[in-house]
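Every chain is numbered from 1, with letters handed out A, B, ... down the list of sequences. Given the structure is predicted, the values throughout are model-derived calculations rather than measurements. These numbers come from the heavy atoms of this one structure, side chains and all, not from hydrogens, waters or symmetry mates.
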Amino acid sequence: MTTLAYTLSDSRVMLRRNLKHQLRYPSMTVMLIGLPIVLLLLFVYVFGGQLGAGLGAQEGRGAYLDYVVPGLLLITTASVVQGTSIMVAMDMTGGIIDRFRTMAIARASVLTGHVLGSVIQTLAAMAILIGVAFGLGFHSSAGPLDWLAAIGILALFAFALIWLAVAFGLAAKSVETASNTPMVLLLLLFLSSGFVSTATMPTGLRQFAEYQPFSPVADTVRGLFSGAAIGDHAIAAVAWSIGIAVVSYLWAIRLYNRRRAAEPN
Amino acid sequence: MTSVSAAMGIAARNVRKSFSDHVALDNVSLAVQEGTILALLGPNGAGKTTMVRILSTLIPADSGSMRVAGHDVVTDPDGVRAVIGVTGQFSAVDNLLTGAENLQLMADLRHLGREAGRRRVAQLLEQFDLADAAHKLLSTYSGGMRRRLDLAMTLVDQPRVIFLDEPTTGLDPRSRRTMWQIIRDLAAAGVTILLTTQYLDEADQLADRIAVLDQGRIVAEGTPAELKSRISGGHVQLHFADPDELHSAAELLPAAGPDQDQLALRFPADGTVDSLRDLLNELHEARIVVERLSIHTPDLDDVFFGVTGSHVSA
């Protein structure tokens, strides 16, 4: 086998390990997938009446459901990456990582296993959320190509945040820290166009909200679902995703190679 | 002086390693011939684990030359990784998988191939007495089972050199015996083994040679017999009810060292029943009443006292 074949084989083995972990640790998997659904119900049935009244052209709870689904798809991503961060930190603080390091395996395959596993988990969680949304009366004018584009944008963005979460997990000294750091992403998401239009925010906050990564992704997906104009949002979404992915990947690899190098006994 | 040559299972010369202001290893040289067991004996913090971590490519040394099964640790770490197995102090098992899945994971990462991998997993489960628990999650495993699985995972690809970092620490006596037998069988099969331990009896039981490590330096090296000949040996501690009895006993046994505070007498003895019987008969005939006695076999502290003249600092 060539080096590339070994790398692929090792990554596949690590992916299988990661998927098994998701099944063996169901409480976490269910929590990560369940939280966005609970929030969907909360946003639509508790906040939706009032928030829907300020939407403009089409008003009401149903219109707000259509509006908020992209935001909740991003919540799904933020939720799953919290699990990624925890799983990576569990690996790094356990003894097994040293075993992997003393074996002649593709160096980064431990991390790629986590990343691929989390991408699959995110897509599954999003599919469940969209299913529930349709059950609640979600309506979309998107054609097959629009759906593909929306899935592509969301998957790319999730891929970027997952690498970021891997870096968080590597940087954390304990599993507890690793589970807290990704909360920043959730906060950032609330300060975006995910749940309400940025036009309703005060100036300073609005500018912040418009120029942070979650907003262009939410706007692009919303445009694809509703048929509204997308403009530069798609380019911004892709650019943010690639930028975050590259920086996070480099950071994660650096942390991974350096980790434990200076630890006495 | 040890020479770094390819015929050696492990050969390390002048290995140095510091962590910020603390010197963990100070010019350590080791040589382990193929198919033999070297025990690295020392107290906590002596640098045993650091040595294992360096030789198994986990951390770099500051300087020194090291070869494992002929592969240079610095320039060919992947060559080293392909032929070694490491079982650390902390169990390196995947807690969310079953025993069989843990072994299968190793077989897959060693690229054994589907059929060969499956055969090897089944064989190891049988050999390490884990077949019944093969499909149970590790949360149901006892400490001894985890340690056996840990070692079995190390052996999936039949490594030529094995590092065992305190393989029996925390095990009950029975599991400890089982582990010892496994280690002996491995050496008999031609595997080179470097094991670290805090227990003299473990090193004595298993090793062909023992290297004593103290504060980052090798302070003694030799066969177990050579080392033991340098130990002052065991002793019997006699406790008395009052100072007069202690005084009479001290007069009777001039070789013994009295301890007035403890009302105790330390008498050198090799721990055999005969020597003990002679001692007790002598005391009995002199009508000296001994309240109680304790037998002290040589341990790590005696080795340290024997070779360094000072007791274990930790």
Pick one of side chain, backbone, both or neither for B:Met51, based on which atoms fall under 4.5 Å of a heavy atom in chain A. neither
Is A:Arg99 reaching over with its side chain to a backbone N or O of B:Ala92, donor-acceptor style, under 3.5 angstrom? yes
Tightest non-hydrogen contact, residues B:Asn102 and A:Ile96, listed as OD1-CD1, 4.4 Å
List in chain and number order the residues that pass ring pair (Phe, Tyr, Trp, His ring centres under 6.0 Å) with A:Phe138, two or more places apart in sequence or in another chain; answer none if no residue qualifies. A:Phe134, A:Phe225
Measure across B:Arg81 and A:Ala104 and return the closest heavy-atom pair with its distance rounded to 0.1 Å. CB-N, 3.6 Å
So, are B:Glu101 and A:Arg24 salt-bridged, with charged N and O less than 4.0 Å apart? yes
Do B:Ile84 and A:Met103 come within less than 4.5 Å of each other through their side chains, counting heavy atoms only? no
Under 4.5 Å to a heavy atom of chain A? For B:Asp150 that would be both
Are more than 12 heavy atoms from other residues, nucleotides or ligands located less than 6.0 Å from atom CZ of A:Arg107? yes
Would you sort out whether B:Leu96 and A:Arg17 count as a side chain to side chain contact (heavy atoms under 4.5 Å, CB included), showing the intermediate values? CA-CA 9 Å; B:Leu96 292 175; A:Arg17 167 173 181 260; over 6 Å; no
Honestly, the part of B:Val86 sitting under 4.5 Å from a heavy atom of chain A is both
Residue among B:Asp94, B:Leu97, B:Thr98, B:Leu105 satisfying side chain to side chain contact (heavy atoms under 4.5 Å, CB included) with A:Lys20: B:Leu97
Just wondering, do B:Phe163 and A:Thr102 contact through their side chains at under 4.5 Å, heavy atoms? no
Closer than 4.0 angstrom, basic N to acidic O: yes or no for B:Asp108 and A:Arg12? no
Using heavy-atom distances under 4.5 Å, tell me whether B:Thr154 contacts chain A through its side chain, its backbone, both, or neither. both
